[in-house]
Number of protein chains: 2
Amino acid sequence: MSSVTIPTPDLAPRMRAEQRRELILEAATSVFGERGYVGTTTDAVARAAGVSQPYVVRMFGTKERLFLEVLQRALDRLLATFRAAIADPTPFVGADDTLGRRMGRAYAELLLDRGLLLSLMHSFLLGADPAIGAAARAGFLQVYRVLREEAGFSATETDQFLAHGMMMNTMVGLRMADEYVGGDLCAKDLLETAMPQKLDVLLRTSAENKPA
Amino acid sequence: MSSVTIPTPDLAPRMRAEQRRELILEAATSVFGERGYVGTTTDAVARAAGVSQPYVVRMFGTKERLFLEVLQRALDRLLATFRAAIADPTPFVGADDTLGRRMGRAYAELLLDRGLLLSLMHSFLLGADPAIGAAARAGFLQVYRVLREEAGFSATETDQFLAHGMMMNTMVGLRMADEYVGGDLCAKDLLETAMPQKLDVLLRTSAENKPA
DNA sequence: GTCTATAGGGCGATAGAC
DNA sequence: GTCTATCGCCCTATAGAC
């Protein structure tokens with residue numbers, strides 16, 4: 001079985017390369033989320049992905065383009081998650097089961113991939129950057145349109161929804177769960193109110209990434 | 001009038017130094033808010049303050065200590081603003097005049113100094129950093145306590161208040177007002193709902209800092 | 001397609017003059 | 001107290017071998 005049915009030499013590397021590309025994007029999402037755009041080195045991304053630093057740069061051109069791809073990928077997942085909740089055919093049961101609640105739960109699920117929402121969040125603070133700022137604004141407005149036009153939220157509902165999303169992102173970025181497990185009573189109140197029924201998710205992401 | 005009543009040579013430089021210190025902190029707040037902690041160079045701060053780069057480092061020891069001082073100063077102003085609104089003796093008139101509304105307006109006033117809230121916001125995304133993360137969490141919890149214990153907000157009211165604060169910060173960080181003045185209809189809806197009665201403030205800060 | 005080696009530039013911090 | 005000059009590190013990106 002040494003020379004039998006080897007996948008075509010033309011295709012096999014290409015597929016592995018695309019796997020590597022996805023692997024790098026995933027690693028980059030995590031590192032960018034933790035340290036921000038400027039604070040992230042291409043070497044840190046490379047080490048997290050298990051490849052060499054120049055390979056990361058080769059594959060994406062520049063660090064900025066890598067970050068923009070991370071943002072696009074995060075936005076795609078966010079929109080897909082919202083659209084899945086909107087398209088969910090399960091009938092609503094009880095007053096507590098609304099589309100808003102379902103979307104909120106779907107959003108909180110995304111927090112499991114902490115880097116995803118934090119990378120977006122970091123981009124939201126870089127509005128002054130020509131390329132990143134433009135992409136971030138366009139992405140945020142795209143989310144707004146989906147909430148208004150596809151989920152049918154009113155302007156006020158959308159504002160509430162987005163505000164609490166930003167609040168949750170902030171709690172994750174602050175690693176506020178560390179204070180919660182540390183026993184701080186205010187942190188307890190704060191998190192239990194800000195992240196209803198999703199504290200378990202937050203605490204899980206906190207426990208996972210202790211050695212960061 | 002060449003040698004008459006010169007301010008004591010021991011005191012005069014010290015006072016000027018403290019003025020310089022405040023000047024540098026103000027400049028640093030602006031630059032940190034715009035580019036974040038890592039994205040800010042001590043040289044950019046120095047140029048914004050009109051002093052030399054080594055002087056900035058000399059005065060604050062390290063860039064990290066400078067940022068921590070910027071954070072403390074921003075937090076102090078934020079808390080002072082809240083406490084002023086809480087202590088305001090003006091009687092409430094009408095159902096629209098509540099402490100929550102007054103605090104919201106007070107917060108929005110702070111947006112005039114854009115760097116102040118954005119520097120804080122940047123710190124909220126650096127929870128993984130040992131020194132900055134710890135300071136950011138402590139600061140956020142201090143704000144929480146003032147809202148609960150001094151303003152008398154309930155857990156839910158505090159959550160709403162903070163969530164909308166994070167939302168406003170995000171709109172400022174995104175420079176979303178640029179899309180507003182650019183004529184984007186969604187940005188118009190979004191901002192008019194997210195920043196009720198305070199759009200003028202946002203647009204003013206947008207117009208000011210065009211050449212950044 | 002992926003690596004090692006390294007160039008090139010920028011930044012934080014120090015030394016030392018005034 | 002404030003500056004000029006500069007060191008030494010780190011980081012992005014390129015060159016080139018395999």
Side-chain angles (χ1 to χ4, degrees), chain A residues 6-28 30-32 34-70 122 126 129-132, chain B residues 6-28 30-32 34-71 119 122 126 129-132:
Chain A
I6 295 172
T8 73
D10 288 330
L11 248 80
R14 191 172 306 174
M15 291 191 65
R16 271 187 239 115
E18 276 175 24
Q19 282 176 325
R20 287 240 202 241
R21 187 185 179 83
E22 189 56 31
L23 194 73
I24 292 172
L25 281 171
E26 206 167 322
S30 171
V31 183
F32 277 129
E34 179 141 348
R35 318 217 176 169
Y37 170 61
V38 192
T40 293
T41 67
T42 55
D43 189 55
V45 172
R47 270 184 278 110
V51 297
S52 69
Q53 180 267 332
Y55 186 51
V56 172
V57 176
R58 268 294 170 104
M59 180 161 273
F60 294 93
T62 66
K63 176 174 138 176
E64 185 179 73
R65 275 215 274 271
L66 169 60
F67 187 62
L68 290 173
E69 284 220 34
V70 164
H122 270 112
L126 297 179
D129 181 282
I132 295 172
Chain B
I6 295 175
T8 73
D10 289 328
L11 248 82
R14 191 173 305 178
M15 291 193 64
R16 272 188 241 115
E18 275 174 26
Q19 281 176 326
R20 288 241 200 238
R21 188 184 178 83
E22 189 56 32
L23 194 73
I24 292 172
L25 280 171
E26 205 167 322
S30 172
V31 183
F32 278 129
E34 177 143 348
R35 319 218 175 166
Y37 171 61
V38 192
T40 293
T41 67
T42 54
D43 188 55
V45 172
R47 270 183 279 112
V51 298
S52 70
Q53 179 268 332
Y55 186 51
V56 172
V57 176
R58 268 293 171 102
M59 180 160 274
F60 294 92
T62 64
K63 177 174 134 175
E64 185 178 74
R65 276 214 272 272
L66 170 60
F67 187 60
L68 290 173
E69 285 220 33
V70 164
L71 288 185
S119 289
H122 270 113
L126 296 181
D129 182 282
I132 296 172

#### Entry: For L68(B) against A131(B), the heavy-atom pair lying closest together
CD2-O, 4.2 Å
### Summary
Considering only heavy side-chain atoms of P54(A), the closest of dA15(D), dT12(D), dA13(C) is dA15(D)
### Task
State, to 0.1 Å, how close V70(B) and A28(B) come at their nearest heavy-atom pair, and which atoms those are.
CG2-CB, 3.8 Å
### Query
Regarding K63(A) and the six-membered ring of Y37(A), is the cationic atom NZ or CZ under 6.0 Å from the ring centre and inside 45° of its axis?
yes
### Task
Send over the distance from I24(B) CD1 to dG12(C) C1', rounded to a whole Å.
15 Å
### Message
Rounded to whole Å, how long is the line connecting atom OH of Y37(B) with atom P of dG12(C)?
### Response
9 Å
### Task
Using a heavy-atom cut-off of under 4.0 Å over every strand shown, decide if R58(A) touches base, sugar-phosphate, or nothing.
base
### Separation of atom CZ in R35(B) from atom P in dG10(C), rounded to whole Å
14 Å
### Query
What nucleotide, of dT12(D), dC11(C), dT14(C), holds the atom closest to the side chain of T42(A)?
dT12(D)
### Query
Separation of F60(B) atom CZ from dG12(C) atom P, in whole Å?
15 Å
### Message
I need the minimum non-hydrogen distance between E69(B) and F60(B), along with the two atoms involved.
### Response
OE2-CD2, 3.8 Å
### Query
Which whole-number value in Å describes the distance from E22(B) CD to dG1(D) P?
16 Å
### Query
Roughly, in whole Å, what's the span from CD in Q53(A) to P in dT6(C)?
15 Å
### Task
Side chain of S52(A) only, please: which of dT12(D), dC3(D), dT4(C) is the nearest?
dT4(C)
### Message
Distance check needed: dT6(D) P versus D43(B) CG, whole Å only.
### Response
17 Å
### Message
Tell me the interatomic distance from E64(B), atom CD, to dC11(C), atom P, rounded to whole angstroms.
### Response
19 Å
### Query
Which of these nucleotides, dT12(D), dA13(C), dC3(D), is closest to any side-chain atom of K63(B)?
dA13(C)
### Task
Please figure out whether T40(A) or G50(B) has its closest DNA chain D nucleotide nearer the 5' end.
G50(B)
### Message
With a 4.5 Å cut-off on side-chain heavy atoms, are T40(A) and F67(A) touching?
### Response
no
